[in-house]
Novice: 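Okay, here's the structure, questions in a sec.
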Amino acid sequence: MTTTAPPSAPRGIRRHWSEHGLAFTLPFLLVYAAFLVFPLLWGVRMSLGNDDIAGTQSEFVGLDNYVEAVRDPDVWSSLWNTVWFTVLSTVPLVVVGLVLALLAHHLRFVNWLWRLSWFAPFLLPSGVVCLLWLWVIYPSDFGFADQLLNAFGLQPGIGWLTDARYAMLSIVLTTVWWTVGFNFLLYLAALQAIPQHLYEAAELDGAGPWQRLRTITLPLLNRTTGVVLVLQLLASLKIFDQVYIMTGGGPDESTRPILQYVFQAGFTGYRIGYASAISYIFFALIVLVSLIHLRLTRRSREENAA
Amino acid sequence: MSERTFAVKVRRNAGQIVLTTLGALLAALWLVPFGWALSTSLKPEGDTQLLPLKWIQSNMNLDAYRSVLDTGDIPKWLVNSVIVSTGVTALTLAVSALAAYGFARTHFRFRKALFGLTLAGIMVPGTVITAPLFANVRTMGLVDTYWGVILPQVSAPAMVFILYKFFQGVPRELEEAARIDGAGRWRIFLGIVLPLSRPVLAAVGIFTFIGSWNNFMWPYLVTTDPDLATLPVGLATVQSSFGIRWAQLMAGALLAALPLLIVFVFFQRQIVRGVAHTGIAGQ
């Protein structure tokens, strides 16, 4: 499929054309090698040593770091926090994204307003998002959120970020507000790609709006849902910013995600070898989810081709 | 108008009213944190926590904004963010477009193997290699430099893949015709392929820019010099230094939010398309 020159072209031209190939890719390959491939391999070496952060002293310690990581209760608890956050956040992020997209798709006017209000938060730096939400829930007991709940007759008095029962939920809430716009746009694009004549035909057959949604829209969105779901899992597993800024992992490490523990081990505890070992354990988890993603997209591509 | 179509119309309009109400409620819910921040930022510092909470009061003013701008931190962070994000975007576009074209349309030794290696990199989340990457950047002497912040963000295999898919779809006949007219590879790439790829380049560029603009962890790690802090880094540290001056905090947060919101208003269509493009193919 990829022939550079037509078969009839003289050899000289063909060779001349080929020479440029490497020149095109070289700048990228250099950056890629220096900042991705090399660190990835070097990290393996580091995880097998006891490097400190300055990289001055390093002894080979074999799999000691991995053994320690598997026995470290903090690894397990922060891994659990990560998975728990992923479970709690993924469902609302996908469902709310779909609901918002359906609304925006069916509303006939001020399209820009829906897109702006639901997608705009996605454009904010994590620091801004956290500040805005800290101020919504602060001060506990008589801040904005508490007053709002009061107005509905609820007497919350919730330690939004200081009570271990609610801290993770507050972070989920902040995250949904922040990033749901991305899923919203993916769904909106998928909705706009559904041919209108399907609905017209269904309407002629007497299908009501609810029936059209159930029998046409949702089935046709299945593939998008698969993709959105996996992208969301991957994004949620990488949770770091919100927790680090809003609770610092607390209270009592109840919200600390695995990446923060890596960060603490490596950059606060100066044990970069150990931090790398934990990273690779986490990496295995991510690769697993990515492989599922690859499978899904490949299948959908085959469906497209068929 | 027959009775039936009239009934359908009434039902439709009723449906629209219900949907619009629901949409407006949800939109309001999403805008509330902005609105509350705006209201707070306009209050005198002493009034921000008075009960009952008020959205509007008579003595609102711009003092908080003035104080924030006077300390000079936010303008400085803004400039840093612009430098870093523009650098990352320009370099990523250049490097990725070249590589994607090389992989899609030229032949060279190990092309397939190198492309395979590039695709495999899409699965590697940047955060996982943070520790060795930091060690590497340190060895290169790039800690506390703009280059140290920018260069690692330029290696974006997903963007190469997106552009590769697009370049594959550019009709080969166009290139062949130019070649017969004596154009070389570079002239074909710059004069024909790139202009045809404007939409996808815009998508990749915007997406890269947003990602870089909001990147927190890497700039936070690789800079200790407060003069090099980008917006996300500066804002994360600001809570402690501002103490509990909420009017100023909110003024700062809104000022920091403004640039990309303005960009969004102007490039709404491209951004929406960019997310659809890069979101599916990219991650």
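Every chain is numbered from 1 and lettered A, B, ... according to where its sequence line falls, protein lines coming before strand lines.
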Novice: Where on A:Phe282 is there a heavy atom nearer than 4.5 Å to chain B: the side chain, the backbone, both, or neither?
Specialist: side chain
Novice: So which residue, B:Leu114, B:Thr139, B:Leu117, ends up with the most heavy-atom pairs under 4.5 Å with chain A?
Specialist: B:Leu117
Novice: Using a cut-off of under 4.5 Å for heavy-atom pairs, which of A:Phe122, A:Tyr187, A:Trp42, A:Phe263 has the most such pairs with chain B?
Specialist: A:Phe263
Novice: Please tell me whether B:Trp55 and A:Phe144 form a close aromatic pair, meaning their ring centres lie under 6.0 Å apart.
Specialist: yes
Novice: With rounding to the nearest 0.5 angstrom, report the CZ to CZ distance, B:Phe216 to A:Phe240.
Specialist: 6.0 Å
Novice: What part of A:Leu40 gets closer than 4.5 Å to chain B, counting heavy atoms only: side chain, backbone, both or neither?
Specialist: both
Novice: Take atom CZ of B:Phe267 as the centre, draw a 6.0 Å sphere, and report whether it contains more than 12 heavy atoms from other residues, nucleotides or ligands.
Specialist: no
Novice: Can you tell me how the ring of A:Phe24 sits relative to the ring of B:Phe189, calling it parallel under 30°, perpendicular over 60° and tilted otherwise?
Specialist: perpendicular
Novice: Give me the ring orientation class for A:Trp135 and B:Trp246: parallel if the planes are under 30° apart, tilted from 30 to 60°, perpendicular past 60°.
Specialist: parallel
Novice: Heavy-atom cut-off 4.5 Å, strictly under: side chain, backbone, both or neither for A:Leu30 against chain B?
Specialist: neither
Novice: Any donor-acceptor pair under 3.5 Å linking the side chain of B:Asn136 with the backbone of A:Pro39?
Specialist: no
Novice: Counting only non-hydrogen atoms closer than 4.5 Å, does B:Pro259 touch chain A with its backbone (N, CA, C, O), its side chain (CB onward), both, or neither?
Specialist: neither
Novice: Could you tell me whether A:Arg45 atom CZ has more than 12 heavy atoms of other residues or ligands within 6.0 Å of it?
Specialist: yes
Novice: Which heavy atom of A:Phe267 sits nearest to which heavy atom of B:Ala131, and what is that distance?
Specialist: CZ-CA, 4.2 Å
Novice: Give the minimum heavy-atom separation between B:Val95 and A:Pro27, together with the two atoms involved.
Specialist: CG1-C, 4.1 Å
Novice: Could you tell me which portion of A:Val230 (side chain, backbone, both or neither) has an atom closer than 4.5 angstrom to a non-hydrogen atom of chain B?
Specialist: neither
Novice: What part of B:Val160 is in contact with chain A, defined as an atom under 4.5 angstrom from a non-hydrogen atom: side chain, backbone, both or neither?
Specialist: side chain
Novice: Ignoring hydrogens and angles, tell me if any N or O in the side chain of B:Gln268 forms a donor-acceptor pair with the backbone of A:Leu116 under 3.5 Å.
Specialist: no
Novice: Among B:Leu261, B:Ile210, B:Val124, B:Thr92, which residue forms the greatest number of heavy-atom pairs with chain A at distances under 4.5 Å?
Specialist: B:Val124
Novice: Which of the residues B:Pro152, B:Ala97, B:Ala156, B:Gly121 is involved in the greatest number of heavy-atom pairs with chain A at under 4.5 angstrom?
Specialist: B:Pro152
Novice: Can we call the ring centroids of A:Phe35 and B:Trp147 under 6.0 Å apart?
Specialist: no
